[in-house]
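Written below as structure tokens is the structure these notes are about.
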Amino acid sequence: MSFVSILTGSFSTPAGENPTVAMVEAAYRNLGVDARYLNCEVASEALGDAVRGARAMGWVGFNLSIPHKVAVIEHLDGLADSAAVIGAVNCVVRRDGELLGENTDGQGFLTALRTVVDPAGKSIVVFGAGGAARAIAVEAALAGAVAVLIVNRDPVRGSELVALLNERTPARAELVVWDATYAVQEGTDIVVNATSIGLFPDVDARLDLDVDSLQPGLVVADVIPNPPRTPLIREAEARSCTVLDGLGMLVNQGVIGIRHWTGVDPDPTVMRGKLEQLFGS
């Protein structure tokens, strides 16, 4: 009998709004795996120390959330193909003693998206240009989205993502600098909020979006898991859009992460069930 548990976790700031720990530990219990998931508050200047600590303590892997998904790269031994293309890491895996960066955000989002629509041949609008936006935009483009419009306040960061999409994927990408209320254009199939707007505790925050431009049948997705019923989701639903909350992406990227860390496939229904219990949805 061993009294040493498998160690995994998450580094972010703020960490208190991240429900991943409840979801992953529910999956571990269901699998009968002696593993722990530690949700850690890690400031930007302490990220290197946190990674070295995880390495020293033999963690098998960890997640990265806001604001560490790009900054962590310099502290790792290498990147998987998807993370190298996206330029962001949300999941680190120990392989043969090395810490390797993966990106499961985009894959998790695509799995959730395909429950309502196939992105192939579609036109998609993505709000944001950070780690989650990069992952979602790249994976959607590689999955056949023909047009990707990035709506972002910082033109430099937005332009970098657009250049990446045009150079590394078959999609046609453009940037809209988000300096005024954005109206969804005719011909758009999918709208995604990949920013932190609406995240707990700022639960009433709204995208600077003309909600009357959300037409019936449009697919509207939000990456925010806490709370899952964001103002965007509620407003889109009221306008007969097809909505996708942030729990689907969170669960699906968690499934991939647990598979990387333990070699076992967890039950996604157990993971989502735990989140729905927490949020009463």
Side-chain angles (χ1 to χ4, degrees), residues 69 80-88 90 103-195 207-224 232-233 235-237 239-246 248-249 252-253 256:
K69 293 183 183 184
D81 290 345
S82 65
V85 172
I86 292 163
N90 76 309
N103 197 300
T104 63
D105 271 339
Q107 298 163 44
F109 177 80
L110 272 191
T111 301
L113 182 65
R114 285 187 171 124
T115 65
V116 295
V117 67
D118 186 334
K122 300 296 192 292
S123 174
I124 182 169
V125 171
V126 178
F127 290 95
R134 292 173 74 93
I136 288 167
V138 168
E139 294 286 4
L142 293 175
V146 291
V148 181
L149 186 68
I150 302 299
V151 182
N152 196 58
R153 297 192 189 285
D154 179 353
V156 175
R157 201 174 193 189
S159 297
E160 288 171 354
L161 177 50
V162 166
L164 169 69
L165 291 164
N166 283 325
E167 290 165 13
R168 303 292 293 270
T169 79
R172 181 181 73 257
E174 295 178 33
L175 172 68
V176 170
V177 178
W178 198 9
D179 55 6
T181 301
Y182 180 77
V184 177
Q185 302 302 301
E186 195 173 337
T188 301
D189 301 296
I190 304 163
V191 172
V192 184
N193 173 35
T195 76
L207 297 184
D208 192 4
L209 166 70
D210 176 6
V211 293
D212 290 328
S213 68
L214 301 177
Q215 298 299 313
L218 185 68
V219 175
V220 177
D222 203 326
V223 303
I224 300 296
L232 176 63
I233 291 293
E235 287 161 348
E237 208 169 51
R239 287 162 178 79
S240 300
C241 298
T242 299
V243 299
L244 200 62
D245 66 33
M249 174 176 164
N252 290 313
Q253 61 86 17
I256 301 167

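One is the number of the first residue; the rest follow in order along the sequence.
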Do the side chains of [Y] and [X] get nearer than 4.5 Å, heavy atoms only?
| X | Y | answer |
| --- | --- | --- |
| D105 | K69 | yes |
| L161 | V148 | no |
| D212 | R239 | yes |
| M249 | L244 | no |
| I124 | P119 | no |
| D189 | V117 | no |

Could you measure the distance from the [atom1] atom of [X] to the [atom2] atom of [Y]? Nearest 0.5 Å is fine.
| X | Y | atom1 | atom2 | result |
| --- | --- | --- | --- | --- |
| N103 | I136 | CG | CD1 | 9.5 Å |
| N90 | R134 | CG | CZ | 13.5 Å |
| S159 | L175 | OG | CG | 5.0 Å |
| L232 | D245 | CG | CG | 11.5 Å |
| L207 | E235 | CG | CD | 8.5 Å |
| T104 | I256 | OG1 | CD1 | 5.5 Å |

If I compare all heavy atoms of [X] with all of [Y], which pair ends up nearest, and what's the gap?
| X | Y | answer |
| --- | --- | --- |
| L214 | V220 | CD2-CG2, 4.3 Å |
| Q107 | S82 | NE2-OG, 3.7 Å |
| V177 | P155 | CG2-CB, 3.9 Å |
| I224 | N193 | CG1-ND2, 4.0 Å |
| A133 | V126 | CB-CG1, 3.9 Å |
| G131 | A88 | CA-CB, 4.0 Å |

* Asked: Is D81 atom CG crowded by more than 12 heavy atoms from other residues, nucleotides or ligands, each under 6.0 Å away?
  -> no

* Asked: Between N152 (side chain) and A129 (backbone), is there a donor-acceptor pair under 3.5 Å?
  -> yes

What pairs of donor and acceptor atoms, side-chain ones from residues 178-187 against any protein atom, are under 3.5 angstrom apart with sequence neighbours left out?
residue : atom : partner : partner atom : Å
W178    : NE1  : D208    : O            : 3.0
T181    : OG1  : D208    : OD1          : 2.6
Q185    : NE2  : A183    : O            : 2.8

